[in-house]
Amino acid sequence: MFSVLAAILVPFAVSFGLFHSVVQGPNFLPILSTFIIAPIISALLVMIAPEKYARWISLVVASFVLGLGFKLFLNYQASVSGFQFVEDVPWLKNLGISYILGVDGMSTLMVLLVTCVYFAGALISWNISLRRKEYFVLFSLLVGGVAGAYESLDLFFFFLFYEFAVLPMYLLVGIWGTGRKEYAAMKLTVYLLAGSAFMLVGFLAIYFTSNVHTFDIRALSDLSATGLSVSFQNTWFPLLFVGFGVISALFPFHTWSPDGYGSAPTAASMLHAGVLKSLGGYSIIRVALPLMPDGAKHWLPYLAILALINMLYAAIVALKQTDFKYVIAYSSVSHCGTILFGICTLEAAGLNGAVIQTFSHGIVAAMTFALVGTVYGKAHTRELAKLGGLTSVMPILGGLFVAASMANVGLPGLSGFVGEFLVFLGSYQSGFHGGFTIFQALFPIGVLAIVLTAIYYLRLAQMVFFGPVKDPHWKEEVKDGSFVEILPIAFLLIVSLAVGLYPKPFVDMSNLSIAPLIDHIGGFK
């Protein structure tokens, strides 16, 4: 236990203490690139080191990156407008492609999310024994790709980092997964690559149609310079929305998600649900809305119906599942629908709610998948009919699952409440075409999805952790979670509590990005 704590606290303290000297001092270091390079260096070190050191290297690097993530969040200057810590290096100047990284309030939250889930995933993977070196190499590369996508301000590199993150997921599911893992890995990859094809076509259309001929998101957001017509925006906006929406399991392109999560190893499920899937909603706000505001105002009231189907349909399907992990998988699909619905409102409250819900969903989904994986590793079954009474043999994990369930339900005091409240507040406030309030009409249906979420999570907790013990051998053979199993789950719960109990700094950080976006688009009014 003490050696694990040392591997966590020492690199965390080092990165936390060095932040000012490497970012603001004379020896300037491109801090945003560190979030990409550090996991890649971790992968390289794991490749050359003996296998027994693979998990230690990954944990040390993850702890170092976690310290940088918290320091970045605490040192972001709210008084400075625009993007901060910008790194701009021309790559193919004649084609308008540059390596540009930068963060505003929203992407700072997303970088913090990546570092939290990276750290928790490294701990949850502690007991991986099958091909350990290869596992941690792919795990680290996935993190580097996702971090690059969240920080990139160039559409070309955004696409490149996204593809860089998808390919390790295929191998993680296909090799270390369970059940129909080959089928799930192929289905997940095909859907995500199909979504990326929509994205690429949209990016190229913007590039060739605009007057500026650049992939720089900042330059493309200047509509007076790009000259993107209303008809162009109305034609291409839904293509981008669907391309990004596939990542967020937008109905009817959602079926890859439950199969992928159901078969993926625990840490891969955490990373995919927590950070890669969250990239869809983030990308709509970062790319689609500012580059095509007129197309957004034209299509979002109708696309909101698809988001609402996500919420309600996935919640109903979750009620019918008999596999523990599939319930959580469909719950994730439903919560992503909430994020997309908040984006569609084009209200400050709704968009801020979408950002906070993206952060919350990443934390809570990672926590819930970690719990499912830990329980499965001890009980050796995910069938709800065979589970029951587990609090008598694993009381700490049972209590943590109840807390995670309450976060998913949206209990006040936990992060899920903040995002959902703001999304539905934005829904109620949003008007369309001179007072036709389509979002107000959809409001009760969205609330019904929240009610169903409470039903299936309470039912799940009762079936798995309460009641009589189904297998008498569990009392002798099954033990509560170990230190390295409980620590990452407890850490994620603390983050969820921090957002729920004191949401102001997180909402203020989000609003630094949303307020200028609302001014840029103008909303429906």
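For clarity, every value in this text was computed on a predicted model and none was experimentally measured.
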How long is the gap from [atom1] on [X] to [atom2] on [Y], to the nearest 0.5 Å?
X: Thr345; Y: Leu300; atom1: OG1; atom2: CG; result: 8.5 Å
X: Leu384; Y: Leu460; atom1: CG; atom2: CG; result: 6.0 Å
X: Ile363; Y: Leu497; atom1: CD1; atom2: CG; result: 11.5 Å
X: Thr266; Y: Ile128; atom1: OG1; atom2: CD1; result: 7.5 Å
X: Ile309; Y: Ser334; atom1: CD1; atom2: OG; result: 12.5 Å
X: Ile175; Y: Glu182; atom1: CD1; atom2: CD; result: 10.0 Å

Validation row, ring centre Phe73 to ring centre Phe506 under 6.0 Å: yes
Within the 6.0 Å centroid threshold, strictly below: Phe401 and Phe465: yes
Donor-acceptor check, side chain of [X] to backbone of [Y], threshold 3.5 angstrom: yes or no?
X: Thr374; Y: Ala370; answer: yes
X: Asn310; Y: Phe251; answer: yes
X: Ser42; Y: Ala38; answer: no
X: Asn352; Y: Ala348; answer: yes
X: Ser415; Y: Val499; answer: no
X: Trp126; Y: Arg55; answer: no
X: Ser392; Y: Gly389; answer: yes
X: Thr115; Y: Leu112; answer: yes

Side chain to side chain contact (heavy atoms under 4.5 Å, CB included) between Ser140 and Val61, intermediate numbers included: CA-CA 9 Å; Ser140 300; Val61 174; over 6 Å; no
Considering all heavy atoms of both residues, which atom of [X] and which atom of [Y] are nearest to each other, and what is their separation?
X: Gln321; Y: Tyr326; result: OE1-CB, 3.6 Å
X: Ile36; Y: Gly148; result: CD1-CA, 3.5 Å
X: Phe241; Y: Cys344; result: CZ-SG, 4.2 Å
X: Ala314; Y: Val333; result: CB-CG1, 3.8 Å
X: Thr338; Y: Met311; result: N-CG, 3.4 Å
X: Leu193; Y: Glu163; result: CD2-OE1, 3.1 Å

Verdict with reasoning, Leu172 to Tyr135, per side chain to side chain contact (heavy atoms under 4.5 Å, CB included): CA-CA 7 Å; Leu172 285 168; Tyr135 174 89; 3.8 Å; yes
Is any side-chain heavy atom of [X] less than 4.5 Å from a side-chain heavy atom of [Y]?
X: His335; Y: Thr453; answer: yes
X: Val423; Y: Phe341; answer: yes
X: Val507; Y: Leu422; answer: yes
X: Glu383; Y: Asp323; answer: no
X: Val246; Y: Phe198; answer: no
X: Trp56; Y: Phe136; answer: no
X: Arg286; Y: Leu279; answer: no
X: Phe70; Y: Cys116; answer: yes

Is it the case that [X] and [Y] place a side-chain donor and acceptor less than 3.5 Å from each other?
X: Thr381; Y: Tyr376; value: no
X: Lys277; Y: Ser248; value: no
X: Tyr162; Y: Ser196; value: no

Lys378 and Glu485 ion-paired at < 4.0 Å: yes
Phe161, CZ: over 12 other non-hydrogen atoms inside 6.0 angstrom: yes
With sequence neighbours excluded, residues passing ring pair (Phe, Tyr, Trp, His ring centres under 6.0 Å) with [X]:
X: Phe369; answer: Tyr261
X: Phe491; answer: Phe119
X: Tyr282; answer: Tyr150

Side chain to side chain contact (heavy atoms under 4.5 Å, CB included) assessment of Leu397 paired with Ile489: CA-CA 9 Å; Leu397 289 175; Ile489 301 170; 4.2 Å; yes
Qualifying residue for side chain to side chain contact (heavy atoms under 4.5 Å, CB included) with Val364, from Ser331, Ser405, Ser496, Ser332: Ser496
Val146/Leu271 under side chain to side chain contact (heavy atoms under 4.5 Å, CB included): CA gap, chis, key distance, verdict: CA-CA 9 Å; Val146 174; Leu271 278 171; over 6 Å; no
